[in-house]
Amino acid sequence: MLTDRILTLITFVPTGGALVVALLPRRGRVVQVFTLLVTLLTFGLSLHLPVHFDYAHHGFQFVENNAWIASPAIRYHLGVDGLSLWLVLLTTFLGPIGVLVSWRAIQTRTKEFYFFFLLQQTAMIGVFVALDMILYYGFWELSLVPMAILIAMCGPSRGRQAAIKFFLYTFLPSALFLVAVLWLYAKTGTFDFVQLQAALASGSLGLSPAALGWASLAFLVAFAVKVPVFPLHGWLPDVIQEAPTAMAMVVAGKLGLYSIFRFNLGLFPEQSRAIAPLMIALGVIGILYGALLALAQTDMRRLIAYSILGNLSFCILGIFCFALTGLNGAVFQTLNEGITGSALLVLVSFLYERYGTYDMSLYGGVAGRLPMLATLYVITALALTGLPLLNGFVGEFLVLSGSFPVHPDWVGVAALGVILSASYMLWMVQRIFYGQPSSLVLNRVSADLNAREHFTLWPMAILMLAMGVLSPYWIRAIDGAMSGLANPASFTASRAVPAPAMRAAVPAALETEKP
Amino acid sequence: MVPIAYYLVLSAILFSVGVAAFLIKRNIISIFMSIELMLNAVNLTFVAFAHEWRQVNGQIFVFFVMVVAAAEAAVGLAIIIAIFRARNTLNVDQIDLMKL
Amino acid sequence: MTDLHLWILPIIPFAGFLVNGLLGRRAPKPVVTAVALIGSLLPTLWVSNLVVHFGSLTLPHVETYGTWIASGAFHANFSFQLDQLTLVMLCVVTGVGFLIHVYSVGYMAEEEGYWRFFAYMNLFLFFMLTLVLAENFLLMFVGWEGVGLASYLLIGFYYHRDSAANAGKKAFIVNRIGDFGFLIAMFLLIAHFGTLQFASVFNTVAMHPDWQGAGFLTAIALFLVLGAVGKSAQIPLYVWLPDAMEGPTPVSALIHAATMVTAGVYMIARTHVLFDRAPVALAVVAIIGTATAFFAATVGMAQTDIKRVLAYSTVSQLGYMFLACGVAAYSAGIFHLVTHAFFKALLFLAAGSVIHALSGEQDMRVMGGLRKKIPVTFWTMTAAVFAISGVPPLAGFVSKDEILYQAFISPNGGKILWAVGLITAGLTSFYMFRLWYMTFFGESRAALAEEHGAAVHARSDTKLVIEADPHGGHGHGVHESPKVMLWPLIILAILSVIGGWMGWPAGLGGSNWFAHFLSPVVTAVHLNYEQTSVALATGVANLPNQAPAGDKSIEMLLALLSTLVAATGWFVAHYMYYMRPGTADRLAQRMHGLYALIVNKYWVDELYGAVVVAPVLFLARWVLGVLIDRAVIDGGGMAAGYSAQGFGALVTRIQSGNIRSYAGWLALFAALVLAATYFGWIAQFVPR
Amino acid sequence: MNDALRILPEIVLTLAGILVMLVDATMAKTASRKPLGWLAALGALAALAASLWQYSLPPGTAYFDVVRTDAFSVFFHVLIAGIVLAALLITLDSVSDSTEGLGELFALMLFGAVGMMFMTCATELLLIFIGLEVSSISTYIMAGFRRKSAKSPESALKYFLLGSFATAFFLYGIAMIFGATGSTSIDFLATHAAASHMPGLLYVGLAMIVIGLGFKVSAAPFHVWTPDVYEGAPSPVVALMSTGPKVAAFAVLLRIAYGALPFLHGHWIPILWWMAVLSMTIGNLGALRQRSVKRLLAYSSIAHAGYLLVAFTAFSADGIAAASFYAVSYAAMNVGIFAVISHAGGYDDRLTLIEDYRGLSYRSPLLGGVMALFLISLIGIPFTGGFFGKFYVFAAALHSGMVWLTIIGLINSGIAAFYYLRMVATIYARPAETAPVMSIPRPSMPLLIALFLTAAATLVLGIMPQGVLSAAQSAAQTYPSFSQPMPVTAAAPVMNTASR
Amino acid sequence: MHLALFIIFGGLCVAGALNLLFQRHPINCALSLIVVMSSLSVLYLLLGAEFLAAAQVIVYSGAIMVLFTFVIMLLNAGKEDRTHGSKLAYIAGFPGAAILLGLLAYIFLSRQAEFGQARLGEYMVNTGALSQVLFKNLLLPFEVTSVLILIAILGAVALARKEH
């Protein structure tokens, strides 16, 4: 039965593909085509999940739980819930796109590139499906290696430095994270997430609050760096600048945010709430900081990096207000960022393939030359600025509206980011596409999007619209997963008589604790 | 009759002198000799303890140490010859090609 | 209940947008035209169909097509509603919209972006209809942002021109500031009501007389005002509208005169229940409106670019509408919205026709004497000018007079508002007639265009739009526009002449039908708690918005007064620009400071640039970019790295390569280890 | 006869060594000595087989309780045999026919292995001492084998002088213990030492033994010799001496600390605690600025000695198992990486600097990839042996309440990531345009075998560690005072709720 | 008597050791080392280890030191010049050595009573008894030393051989 082993398949088909790639001859486009097929297969398999997912049931599904190592007991425990479901799909969805965007960009060392690319796929999927702390940690760390190597391999100017910077930024905190995990193990005797959750929730361990606080902090820092959260984002611009597009697409956001959802909120509810004020402040600062710095960039990639920082900070804000709507919005925004940010990076890389620079000051008047590319670019930019009926708006709106009752002041400030994001995005569009064609654009005659590029971009564009219009299809699953993490009363009906909708909702929000 | 402790102290003195000699000598051969001195000191300790415990093992240990020392001497002197051929010096202070 | 399929209204233009947008580039021009016209005509027909059946409907009529966003407690639907207010707006949007589409067929005929233009126009219709049909704040916000997007695209239609691109960007961003207010208002609504549906929110508010003037309602209302101010180009966010004239003239007519910019007014009227409970917010609206009306009118007096004059006049007229809303005379505001849609659209289209005739010339100083050359344009324009100047019995007179009257009788500070409004009326008629005279009378100055052209180019504030000349060569064969452009002019002219009748005030023996029609929707709740709440609850309209008795005479008087003022404005203009053409310049010389102030639009753009834009960029580029990001955050990482390497250097210092040193090292530590072990020292130094 | 079986691997190795010498003597002066290498490899293989076979022996002692074969000693026998086998193959690959003294080199490797094996199975301090000397002296010699270069003899000299210096301490330590108890038998110590009327001597003796062994495992602060010696010695020899003698010495340390003097843990845990901290920190910090590959790996081996010492401080069966497991994984990845280096750099170090390895993966994807694998394992990335090694070590330590040690250790592994990753990045970076194209000979069969063995071991230890782990755990069971494994799940209130 | 002998030869040991420490010519060092070893053999006798005493003279003074002097001659090593390559040797090493001596002396002397006394001739180990243990209980180590010696030969040959 497929359902019993589906997660293993989804996770390790790319690995198998990688091994085959290592053996393939370096001839023509053999490697590319094969990798594309593998990623498409993975995506197809992953579609099995939403189809057979039981949206009524909030626990983990498609669970696989086998013994791996006897003592200390480490289990091969996989499973997805409404949260990881979509993240897995996002990852597999970006797989083929990553191949297509690298099609021309990666000319040398293709075998190595696609080998590590597929390895990265496995690592990321594994992070989302692993339910044993050590197994999770395994995938988490593993996800660093191909990334770092590819950055070092493909970085145009300072690849090595960027790779090392990225690796250290993530690896150092995760060492402390491992300490915390081991400590929990010493106290509870299990690495299994579900059992850990139960044990910690039961509160029967008699662990000192201080110790728990430190443990949760170790978790949080490790994840916050990966997101990244405001002061810890030092690696992001360099990496986005140096990494190959296929990697830059996936380097930020989902992994760290997922981990915060799953582990910080799942294992340390009290501690997370204790540190919430700080995180909210950082989130809001991050929103404005990212937007303002994006305003100041002239390099497209760096601009995108900072805009990513801003958009992800929305998620942080939504998470740490612990309002159900805000949490849903945060997850949704995570998906948005994955899709829209990737789309923007892809578009930029297509520009780079044509004009060979990321420096906006050299561009101008491209719209006349590449109308299709310009159109898709504008659509993506609008999605990022949160135009209604596109996905970005739903995420931002849910986050802000959900969090507003909890922290009106902070959220009010955060909403200013809406103005700033529009500013830098439109300015970027104008500098690249509008005005008279620059000398660069005049001298390099280049055709508009070809078939491959259309195939790369349209799925994302369509998804942006679909998620903007049909959000409930995604949120119904997310809602189930988040309802356990949110505060019971998700908004304060301070003065008004609750509308009927609210009365109905309060019990729904109250029914928490789904193991 | 002499307290065993005296023997032990004597061996300790010899050992420490050996250590000091190791530190102070520049000629590799002399340094090697000071190692031999340290080994002898240890031997004395063994014999003394063997006497204390009326245990023959201690003395046998010394016997083995002598064998080992002989072997070491052979090898060590070979090494010294080798390095003299390579560097044409026996001054240990000049044999610091590899550092940091 | 009967299903009206309201969704058809927006979907058709959207379909048109998709077809033209995706296939238009390759499609032949007639096909594009057909698609575009169908995309705007069918909704119009559907609306007329609605009008026919309107009587038989139970209002408000709500249709829901599905959930858009649902999360935990909160959910928002795709749901449209139809009531009197919506109907009025629908008529304006579809009617005027269609006419302008028709006009554009002629006007844009030679543009290479023809298909693009009409795709955007249909997109605009889609969003505008969504806006007016929306049944909850969130869906309204969709339209709200959407029309902003369409206006961004259309203003930047000539994207290769930097000025156009800048204008578009400016419009979108300034609008975003307003949208920010709208968003916050929505968050507050969710926080306090848990829903964004109009009905439930308004009912809840209407049921609570005790909330009269409540803080949170005031906050909500004020944030909504911010939104409205942004969209309707009121002080302080009006700056984008004059620049928006970079767009093709039909765009200015449709979006920046008739429909989109009035969305703010519509929104206030739609949510008036909140405002009625928040007098402070109302007062703010009234003051902003009045101030804007006057301010913009003064600027309008000195502009020489024909479209800019109209732009400032639009801002000023919107100010009137705000004033009306501010004094809780929503029906008056909407009424002026309608009439203004007629004559201002007409003005723009006519101006477009003039520009068209002069093959792209927009500067009034090089116009003149066109009366004979383009008669149709002249006469239609004349109708519009008279209408806007408030010459009875034209539409403008009626609606503006209603507003002034309502302001006058409104309890708090009404008299001042009325006074300013009255003066503004005078200024309005002055600058409109100024435009009229400079364009159509006197001897033709077109010959001067050559040597003047250079000057115009040199001038920074007036932008010389070179739109494609329908008749090829750039010669000065001044010519009347083609039929397809003239018919819309004529129809609109008729409307602006007779449009006033549907709201002819009772004071002047009319039966203010319009107010009665709207009253079920827009009657202010604070006038009379019990009845209104009942009214709103039952949805039965039994409250004509009647003024206190015995005001007939006052209304008469005021009407007379305003007519007089209008006449004065006309006369002054007549004197300065017809009888003694030189007068204006001399006047300008005389009071130079004032003139400079006005002609430079009070340097508001420059002010914003210096106070807002520059500091933000400085902050971003230097304070954050260099100081924080480079120095602190990157620097921190660097410092850590280097310090570690420093320790590394320290460690390797031991590695001197000298055997004796090594031996010394070993001996020392051996001794220490021995001593430590023997005396058990380090046992204490092991942190567990 | 039964006794002989208990030292079968040693016998096999000795005979193989002698055979190599004899054949060497009979061969023509000019003839290639490579076949001798294959012969020696066969011998090592036989020894490996013999060691594995020893698992079928019932635990027991031989030769009047001088040696004991049990799960513990056999575990290390197997490990050492494997190391020597790999080292021989690496040597075969990197040397040329003209390399002088090959016959002696192969023989020395085998004899050295004999010493190491005796170290691990001896229960008599005398034999341990002899074994230590055998392994040490053979290593001294091999370190100086590249006589033509200026560095090799120097490294031999340094190693020899300092090694003997440390040996003297070790010996003195034994003397002290003998003085305190009147015996040098581990078993006797385990049973009677606690009753010694002169504990002071025991403390000092223990300390001196720790010093001596600390030197052999290159644990700070007794690590000073390591970088210089590694730099000068031939790479294949370093592959052996950075693993074999260390592993054996750690085994001895386990025997003495856990087996002979467990009741003194109050005294030796603090020493080892500090040695662990110093080794990890000094090793990693020292490696940060290294430009020479072999010195960098020397510092890294110091750091790894530190990680391994962490396991000792756990003072539990888990600790023993963790240490044993770590020894295996460390040996696998270290031998592996030296296999790559000695192939790329050759017997006479053509490539010394890290920068020389820039773009290695362009020249030879296989070597580059494998080297990256080993480096990643050294970092401790999951699904490689390095990770589970660290994991078990720190889990054991933390379970015994060594929170700070664990934190320090894992932060250290974070620092270590820097220089390992810099190496990886260098391998995968584009080769500098200016740099001359490095000439990498195509890998020979023995190298491929060695790489396969080590890489496979590294991966298996990372993905399916259960087998080796249980072997290590059963090795830990052989220690009477820890025969009951500390039930890891003791403090677990939720274990009854089976995971769904 | 015993004490006298101990003092004499112990003093000789120390004197020889110190001489080794201060002499700068390797030959002198070698000679003083020989003095130390010979007098040690006397002390062994005092402690009743007759075989060791003999072996000490034969193996050490006889074989090993001859080898040393041989090498010294071979490399005609002259008077060593006191170069100053290492400060650490002095600032770290000598304190180390001093601590070492002090600590050990303290331990031994403070527990002096427990070590008991050495009486002359009270405990003599004749070679037979020694060989009993050596060739029975400690047979294996004895055999292993053969490997050790083999290695030594190998190494000496390999390292000292003339390269061609």
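Sequence lines set the chain letters: A, B, ... in the order given, protein chains first and strands last, and positions in each chain run from 1.
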With a 4.5 angstrom heavy-atom cut-off, could you sort out which part of E133(D) is near chain B: side chain, backbone, both or neither? side chain
Residue-level contacts of residues 44-54 of chain B with chain D, using a heavy-atom cutoff under 4.5 Å: T45(B), F46(B), F49(B), A50(B), E52(B), W53(B)
With a 4.5 angstrom heavy-atom cut-off, which part of I35(B) approaches chain D: side chain, backbone, both or neither? side chain
Indicate yes or no for a side-chain donor-acceptor contact from K158(D) to the backbone of D96(B) under 3.5 Å, with no hydrogens or angles considered. no
Distance check, rounded to the nearest 0.5 Å: R85(B) atom CZ versus R147(D) atom CZ? 6.5 Å
Please look at S34(B) and chain D and tell me whether the side chain, the backbone, both or neither of the residue comes under 4.5 angstrom of a heavy atom of that chain. neither
Contact list (residues 66-76 of chain B to chain D, heavy-atom gap under 4.5 Å, by number) returns V68(B), A71(B), E72(B), V75(B), G76(B)
Gap between atom CZ of F61(B) and atom CG of L125(D) - 0.5 Å precision: 6.0 Å
Which residues in residues 290-303 of chain D have any heavy atom closer than 4.5 Å to a heavy atom of chain B? Q290(D), R295(D), Y299(D)
Would you name the heavy atoms of P153(D) and A86(B) that are closest together and state the gap between them? CG-CB, 4.0 Å
I174(D) portion near chain B, given a 4.5 angstrom heavy-atom threshold: both
If I measure from the heavy atoms of chain B, does S155(D) come under 4.5 Å with its side chain, its backbone, both, or neither? both
R87(B) side, atom CZ; K151(D) side, atom NZ - distance, nearest 0.5 Å: 9.5 Å
For A180(D), is it the side chain, the backbone, both or neither that has a heavy atom under 4.5 Å from a heavy atom of chain B? backbone
Surrounding OH of Y6(B) (heavy atoms of other residues, nucleotides or ligands, distance under 6.0 Å), is the total greater than 12? no
Just how far is it from atom CG of L157(D) to atom CD1 of I28(B), taken to the nearest 0.5 Å? 5.0 Å
Side chain, backbone, both or neither: which part of L201(D) has an atom under 4.5 Å from a heavy atom of chain B? side chain
Hey, which residues of residues 164-173 of chain D are touching chain B, say heavy atoms under 4.5 Å apart? S164(D), F165(D), A168(D), F169(D), L171(D), Y172(D)
What heavy-atom pair brings I79(B) and F160(D) nearest, and what distance separates the two atoms? CD1-CB, 3.8 Å
